[in-house]
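Single-structure report; data block below.
Letters A, B, ... are given to chains in the order of the sequence lines, protein chains preceding strands, and every chain is numbered from 1.
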Number of protein chains: 2
Amino acid sequence: MTMMTNGRVDNGVNVEALIGAREALTAAPEAAKFRWRARCRWMNGTHSRSTVDGFFGLGEDQRHRTEFSFEADHPEVFAAEDNGATPVEYVLVGLGACLTAGIAAVAQHRKIQLRSVQATLEGAMDLQGILGIDSDVRNGFDGIKVTYRIDADASPEEIRALVAQSQKRSAVYDIVTNPTNVTVEVDG
Amino acid sequence: MTMMTNGRVDNGVNVEALIGAREALTAAPEAAKFRWRARCRWMNGTHSRSTVDGFFGLGEDQRHRTEFSFEADHPEVFAAEDNGATPVEYVLVGLGACLTAGIAAVAQHRKIQLRSVQATLEGAMDLQGILGIDSDVRNGFDGIKVTYRIDADASPEEIRALVAQSQKRSAVYDIVTNPTNVTVEVDG
């Protein structure tokens, strides 16, 4: 039986720096206005390659340590080449990653040592929407179910509270559960 | 000046197969019920690794040709290690990929030859939301702007109509612009 002392809890999250950032941005709210970016280039068919290399924040352009590149495609059952994950699977990846990062940050703040955190995500979709068969069927997910398995030095109640707090502060959870305005323009 | 004949338009999308699928799924709507899946595993700090390897559709489990793996993390300005794109950037990738695949499919259906399609996506976010500084500020994007540059054998009006039709049928555009229910559970 191991008892972790508070000082030894280490989930790899620098909570002191985050608290410092919150104080700094409370004093300078303009610096809190971020703009996240991606570029997408059509390859062939339904295959595209997207890149992410930087964003705007803290009043200036910021670079990622390296450029990240992502292939997306439709699967073979849609008569496509399956050269990458489908676009809707990228949304599930973003949602799982956002909630999981939040769980680690909240656990660090609450001095709970995590040992393992795993999530499975499933989004149901009736293709009668995107195929235009039934206009009453939406194009997107009917709903998403996320199931966590978490091993941590905490009670089941504390673990459920961690997950709930992560939902409350999650950017992607908010984007998916609430409407977000999207404008699409053609240049030139 | 090149004139493409209809028979030579090739954007790499098998429109005949998609029309066949629409007919088949109209006759057997149960087969149109898909379930898309991802798994997410916490690595350390805000770093996670997600995998996508299969989904349910056409009445049975389907496998991707290969497993796709994605690293996500927070950037260095959040005192994190920047081991991957941020979760919200994954949402932009999914949105760009979905709209771009739709443009290619609609162009093929309308016998418009595409030469190049590029999109830039930008999502504005005020971090006062996720940092809990101001509860009136949402956690997610204030809004997303997508800008396309498209070179195709078509008039500007036809190109704008392509993009509009892709929005109308896009799963990720629907997910982002409309609310989707997300349930989060802890197993065990």
What is the distance from atom [atom1] of [X] to atom [atom2] of [Y], rounded to the nearest 0.5 Å?
X	Y	atom1	atom2	answer
A:E89	B:F55	CD	CZ	7.0 Å
B:Q128	A:T26	CD	OG1	7.0 Å
A:R35	B:D126	CZ	CG	12.0 Å
B:L95	A:C40	CG	SG	9.0 Å
A:L92	B:I175	CG	CD1	7.5 Å
A:E122	B:W36	CD	CH2	12.0 Å

For [Y], is there any backbone N or O sitting under 3.5 Å from a side-chain donor or acceptor partner on [X]?
X	Y	answer
A:D82	B:R65	yes
B:R22	A:L131	yes
A:D187	B:Y148	no
B:D174	A:N139	yes

Residue part contacting chain B, namely of [X], when any heavy atom lies under 4.5 Å:
X	value
A:V186	both
A:T183	both
A:D53	neither
A:V88	both
A:S48	side chain

Out of B:A97, B:A105, B:A31, B:A72, return the one with the most heavy atom pairs under 4.5 angstrom to chain A.
B:A97
May I ask you to name which of B:R160, B:Q167, B:K168, B:E23 has the most heavy-atom pairs under 4.5 Å with chain A?
B:Q167
Any side-chain heavy atom of B:P179 within less than 4.5 Å of one from A:T177?
no
Highest number of heavy-atom pairs under 4.5 Å with chain B: which of A:R39, A:Q62, A:E16?
A:R39
Looking at chain B, which one of A:G57, A:A32, A:G12 has the largest number of heavy-atom pairs inside 4.5 Å, strictly under?
A:A32
Pair A:F78 + B:F34: ring centers closer than 6.0 Å
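Under 6.0 Å, so yes.
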So for B:S170, is it side chain, backbone, both, or neither that comes closer than 4.5 Å to the heavy atoms of chain A?
backbone
